[in-house]
J.: 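Next up is a structure, given as structure tokens.
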Amino acid sequence: MNKVSPYDLFETKVGQLENYPCSILALGLALKDLNVPVKGDLGVTVDKDGYCQLTNMMVAIKRHISVIRYRYIKPGSRKKLKDYTLFPGKYIVCVKGHYIYVKDTEYYSFFDNSEDEVIAYWLLKGENGND
């Protein structure tokens, strides 16, 4: 997987996205890429420590996007993101407590997550009902 700057999807000034929690950024990138209009707030529940639990992320994702498949990978079966092969498509992926948006073989993050283990992923239904 290749790392790509989130700014490659957003038309905004550099420096305006780094302060958002990763859960909000990943969902925002997915919505932008899928051309899904946002009505109201994203509905992402972030704990005091800045982390969004998997169940809370599921609620937020399903509020805006249809999910084709969700998979939680048990400890001991997890692979590093760089070793992970996902089918072509658009995903929100949780790696080591950090959420990223993945499109085919590229992931959008300010950090190098290639060595992080994949904990869970959501395969998103594409725009116009396409996978």
Side-chain angles (χ1 to χ4, degrees):
M1 295 236 176
N2 300 315
K3 181 178 119 20
V4 180
S5 169
Y7 286 106
D8 287 357
L9 282 181
F10 274 100
E11 296 171 1
T12 187
K13 293 180 186 177
V14 171
Q16 292 185 332
L17 299 177
E18 288 85 351
N19 293 326
Y20 285 98
C22 61
S23 50
I24 291 172
L25 184 61
L27 182 54
L29 288 167
L31 292 168
K32 173 81 171 172
D33 196 38
L34 293 168
N35 297 315
V36 175
V38 179
K39 298 173 185 167
D41 89 30
L42 292 179
V44 176
T45 304
V46 178
D47 295 338
K48 289 180 183 178
D49 62 2
Y51 183 72
C52 179
Q53 301 294 322
L54 289 173
T55 53
N56 293 338
M57 192 63 173
M58 175 70 84
V59 169
I61 292 170
K62 285 188 167 186
R63 179 177 177 189
H64 300 281
I65 307 170
S66 294
V67 174
I68 296 170
R69 180 172 189 214
Y70 167 75
R71 179 160 184 231
Y72 171 80
I73 298 115
K74 295 178 183 177
S77 298
R78 296 177 180 160
K79 297 178 189 175
K80 293 179 180 180
L81 183 64
K82 71 177 185 179
D83 299 325
Y84 216 86
T85 304
L86 297 170
F87 294 106
K90 299 173 182 187
Y91 298 80
I92 292 178
V93 177
C94 180
V95 289
K96 193 179 172 183
H98 181 67
Y99 295 96
I100 57 174
Y101 176 61
V102 175
K103 181 178 177 181
D104 299 323
T105 60
E106 298 178 327
Y107 69 92
Y108 295 81
S109 178
F110 291 115
F111 308 102
D112 179 1
N113 300 109
S114 59
E115 293 294 322
D116 295 340
E117 291 182 340
V118 174
I119 296 168
Y121 65 80
W122 293 262
L123 172 59
L124 309 173
K125 192 165 193 170
E127 60 184 311
N128 302 323
N130 299 325
D131 297 349

J.: Mind running salt bridge (charged side-chain N to carboxylate O under 4.0 Å, His left out) on E117 and K96 for me, showing each step along the way?
T.: CA-CA 6 Å; E117 291 182 340; K96 193 179 172 183; over 6 Å; no

J.: What are the two closest heavy atoms between C94 and Y51, and how far apart are they?
T.: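 Taking C94 first and Y51 second, the nearest heavy atoms are SG-OH, 4.2 Å.
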
J.: Which donor-acceptor pairs under 3.5 Å do the side chains of residues 59-78 make with protein atoms, sequence neighbours left out?
T.:
{"from": "H64", "atom 1": "NE2", "to": "L42", "atom 2": "O", "distance (Å)": "2.9"}
{"from": "R69", "atom 1": "NH1", "to": "Y121", "atom 2": "OH", "distance (Å)": "3.1"}
{"from": "Y72", "atom 1": "OH", "to": "R78", "atom 2": "NH2", "distance (Å)": "2.9"}
{"from": "R78", "atom 1": "NE", "to": "I73", "atom 2": "O", "distance (Å)": "2.8"}
{"from": "R78", "atom 1": "NH2", "to": "I73", "atom 2": "O", "distance (Å)": "3.1"}

J.: List the steps and the verdict of side-chain contact (heavy atoms from CB on, under 4.5 Å) for F10 and Q16.
T.: CA-CA 10 Å; F10 274 100; Q16 292 185 332; over 6 Å; no

J.: Could you grab the distance from atom CE of M1 to atom OG of S114, nearest 0.5 Å is fine?
T.: 11.0 Å

J.: How about Y7: does its OH atom have over 12 heavy atoms from other parts shown lying under 6.0 Å from it?
T.: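 Count over threshold, so yes.
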
J.: Would you give the length of the straight line joining atom CG of N113 to atom CG of L81, rounded to the nearest 0.5 angstrom?
T.: 6.5 Å

J.: Mind checking the CG-CD1 spacing from L29 to I24? Nearest 0.5 Å is all I need.
T.: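 It comes to 12.0 Å.
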
J.: Backbone N or O of C52 within a donor-acceptor pair of the D47 side chain at under 3.5 Å?
T.: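 Here the side-chain-to-backbone pair does not exist.
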
J.: Take L9 and Y108 through the test side-chain contact (heavy atoms from CB on, under 4.5 Å) and record every step on the way to the result.
T.: CA-CA 9 Å; L9 282 181; Y108 295 81; 3.8 Å; yes

J.: Measure the spacing between CG of L27 and CD1 of I92 and express it to the nearest 0.5 Å.
T.: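 One gets 5.0 Å once the value is rounded to the nearest 0.5 Å.
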
J.: Measuring from atom CG of D112 to atom NZ of K82, what distance do you get when rounded to the nearest 0.5 angstrom?
T.: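 Going from the CG atom of D112 to the NZ atom of K82 covers 9.5 Å.
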
J.: Please indicate whether N19 has more than 12 foreign heavy atoms, meaning atoms of other residues, nucleotides or ligands, lying under 6.0 Å from its CG.
T.: no

J.: Check the pair L124, Y101 against side-chain contact (heavy atoms from CB on, under 4.5 Å), reporting the backbone distance first and the verdict last.
T.: CA-CA 10 Å; L124 309 173; Y101 176 61; 4.2 Å; yes

J.: Identify the two heavy atoms, one from L25 and one from P6, that lie closest to each other, and give their separation to 0.1 Å.
T.: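 Taking L25 first and P6 second, the nearest heavy atoms are CD2-CG, 4.1 Å.
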
J.: Tell me, which pairs form a salt bridge (charged side-chain N to carboxylate O under 4.0 Å, His left out) where one or both residues lie in residues 14-32, sequence neighbours left out?
T.: none

J.: Quick check for you: to the nearest 0.5 Å, what is the distance between I100 atom CD1 and F111 atom CZ?
T.: 11.5 Å

